[in-house]
There are 2 protein chains.
Amino acid sequence: MKEDKLPTIKEIAKQLNVSVSTVSRALHNHPSIGLRTKMRVQQLAQQLDYEPNQAAIFFKQRKTSTIGVVLPNLKEEFFSEAINGIEEIATKHKYNVLISQSRDDTERERMIVATMKNNRVDGLIVSLGANTTTYDHFTALKKYGIPVVFFDRVPSLPDFNKVYSNMNSGTREAIEFLIAKGHRRIGVLNGPEQMRSSQERTDTYMQVLVKRRLKIDLGLVTSTDLTREGTLKAMGHLLSQRPKPTAILAINDYIALDAMQYARQQKLRINKDICFVSYANLSITTYLQTPPMASVEQYPYRQGSEAAEILMELLSKTDHDGLPPEPETFRNVVINGQLVIHSKR
Amino acid sequence: MKEDKLPTIKEIAKQLNVSVSTVSRALHNHPSIGLRTKMRVQQLAQQLDYEPNQAAIFFKQRKTSTIGVVLPNLKEEFFSEAINGIEEIATKHKYNVLISQSRDDTERERMIVATMKNNRVDGLIVSLGANTTTYDHFTALKKYGIPVVFFDRVPSLPDFNKVYSNMNSGTREAIEFLIAKGHRRIGVLNGPEQMRSSQERTDTYMQVLVKRRLKIDLGLVTSTDLTREGTLKAMGHLLSQRPKPTAILAINDYIALDAMQYARQQKLRINKDICFVSYANLSITTYLQTPPMASVEQYPYRQGSEAAEILMELLSKTDHDGLPPEPETFRNVVINGQLVIHSKR
DNA sequence: TGGCGATACGCAAACGGTTGCGGGAAAACA
DNA sequence: TGTTTTCCCGCAACCGTTTGCGTATCGCCA
């Protein structure tokens, strides 16, 4: 009972005195198999609890029905929510999902991509590590026909498939919101400069200020490396500006939380002496007594599911390889972030 | 350049005019291959960027070097932290990790286990869905020699490998802590009754009260199905008791957060009119202005890594199958939870 | 009765790598 | 120089499934 080897197609063939090919076809409802034998095969298969050996199939078909997901970390609700979207679509298309965390370490990221390649994942969905600035480990995959779709943290190069939330509209809304509340000195707590989103955020910030004819003070634009220490240091810088900023736009809710904590330590009253607006709109903020005044919702689930959808499409194309070498077109889906207001004050 | 098929061992063999077996052995540093050819092979392999086709190896070796992880959801920091522990150990042993979420849905859980079996994962690490009361989908795996290790939410049956944090010591500490603070009416916001931990928690609660000669009021012991609605309802019940409880022991931090929000709506002041103590000690609580007074740390990372370690051990045994049918012994690792005090008051 | 087209099934190769076994050639010994 | 040993390497089977192609059987019509 213990060493009950899994039943194979051969087993069935032997017991029924037919060939393996007949069994295989019978199980696939191939038209050239007689109804009688088809029934017999299917019945015995059921009875033996036969399940095809996926490993063998993967090997034979040269595809694993597995997609890899590489992202900075699962701890952030944004990413775990995105995973849900990915999983949803993937399972619908009968794909497995291999997840791995880069922890914002480019070296790890390279390793992960390499092992995923060796494991022959059919495709990849990636959100870049914060410090990743080179993409050769991804371009290398093209040679092997492994499609890659980026989401959220996407490379700034054009020749990649991407799904992301553009910062422009959300940021514009956010700044306008703050201005309408009377704020004139608005600080920006940005991410690392190599991140596409950071640049967009800064750009939009400038644009709005210019449009509203407000003074631009570059001392009010800082960046954090996303570590807690980096955030505190950046906050120290912001709060040392004179006059102090009365509002701060933070790259995401986690960073905003660190920043708020710092501000509180400096005896500033949140949403009174200083207001926060951030991105992501995580559920944890609803538990705070003083949440950020507003968040730009980034729709992680949608980003994940759209990325997965695109990947599925790409995979279905490379399936029947034989088509003319298409002129390589890249998908570029932009999801507009939207401001969600938490606190009226 | 596009349809650059991945180089195979055959390719190398052909180019070097040796047999595939020689190449295979050369790459594995087999002693029976001459130094000269070994060098030539390895060099060419490097030059061609040869990487063995894992799918083929999996198939041949009848093991996939992949372990499956099934847990309720990744959103809870407890689980994503546990994943980190699992990943750490797994990659150290060159295993891949396939993650899937049951979302506390037993049916989904069954499905996942089934597909993981078909995908021939070598072993499984599982944290049960909240409503799972039958374990036949896991016992079925034994027949096929697929080891399973449970963690955190473990079945109450003895014949499984488990790693979990026992509630006794942590709960005792927690209740004693509250009693020392002067609380006499302590409510319990427990999980579903079928969860092992819920029972342990209630038992210990009773024991301590008895020992301290405090009155036991069963109206103060409730349970939630872990949904937000369930929690609010349970809280409604607790707060309708007379006299009101002055402290509440909640099954985990998320539930505590929901509960605290409810209490606040009832115009109760947290940590003043009513105190909370919970389990897990998540990092998000550090951002709260009024966190639970204390949390019982559950060491998710350790639970994950220990579970993975055990699984690795089990896998290394079944590797060289041929040993006498051992008398099936099950590992049972208990990690003592420890009370962490957040708020002095 | 010979020929023809379906119908239903078997043969065998292929996917890429591993491994037991056997054997040829060179080296060492008598 | 003949024999034995040692060192290298090739042959071939195997893992489970899919699939192109060949073929036996049968019915049917001329």
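A, B, ... follow the sequence lines: proteins, then strands. Residue 1 opens every chain. Just so it is clear, the structure is predicted and the values come from calculations on it, not from any experiment. All heavy atoms count here, side chains included; hydrogens, waters and symmetry mates do not.
- For A/Tyr164 and A/Phe150, the gap between ring centers reaches or exceeds 6.0 Å.
- B/Leu6 is listed as a side-chain neighbour of A/Tyr144, based on a closest heavy-atom distance under 4.5 Å.
- Between the NZ atom of A/Lys14 and the C1' atom of D/dG16 there is a distance of 14 Å, rounded to whole Å.
- The distance from atom CD1 of B/Ile9 to atom P of C/dA14 is 18 Å, rounded to the nearest whole Å.
- Two residues are said to be in side-chain contact when any heavy atoms from C-beta on lie closer than 4.5 Å; A/Lys162 and A/Val149 fail this criterion.
- Checking A/Asn119 against B/Asn96 by side-chain atom types alone, a donor-acceptor pair falls below 3.5 Å.
- Within a heavy-atom distance below 4.0 Å of DNA chain D, no residue of residues 39-49 of chain A is found.
- In terms of phosphate contacts, B/Lys10 brings a side-chain nitrogen or oxygen within less than 4.0 Å of OP1 or OP2 of C/dC15.
- Between A/Phe78 and A/Phe151, the two ring planes are parallel [angle under 30°; tilted spans 30° to 60°].
- Residue pairs meeting the ring-ring contact (aromatic ring centres under 6.0 Å, His included) criterion with at least one member in residues 27-59 of chain A, sequence neighbours excluded: A/Phe59-B/Phe59.
- A/Tyr50 comes within contact range of the sugar-phosphate backbone alone, with a heavy-atom separation under 4.0 Å but no base atom that close.
- Rounded to whole Å, the distance from CZ on A/Phe59 to C1' on C/dA13 is 12 Å.
- A/Phe79 has its side chain within reach of A/Asp152: a pair of non-hydrogen atoms, C-beta onward, lies under 4.5 Å apart.
- Counting only heavy atoms from C-beta outward, the side chains of B/Thr139 and B/Leu141 never approach each other to under 4.5 Å.
- Residues from residues 18-36 of chain A with heavy atoms under 4.0 angstrom of DNA chain D, sorted by number: A/Ser21, A/Ser24, A/Arg25, A/His28.
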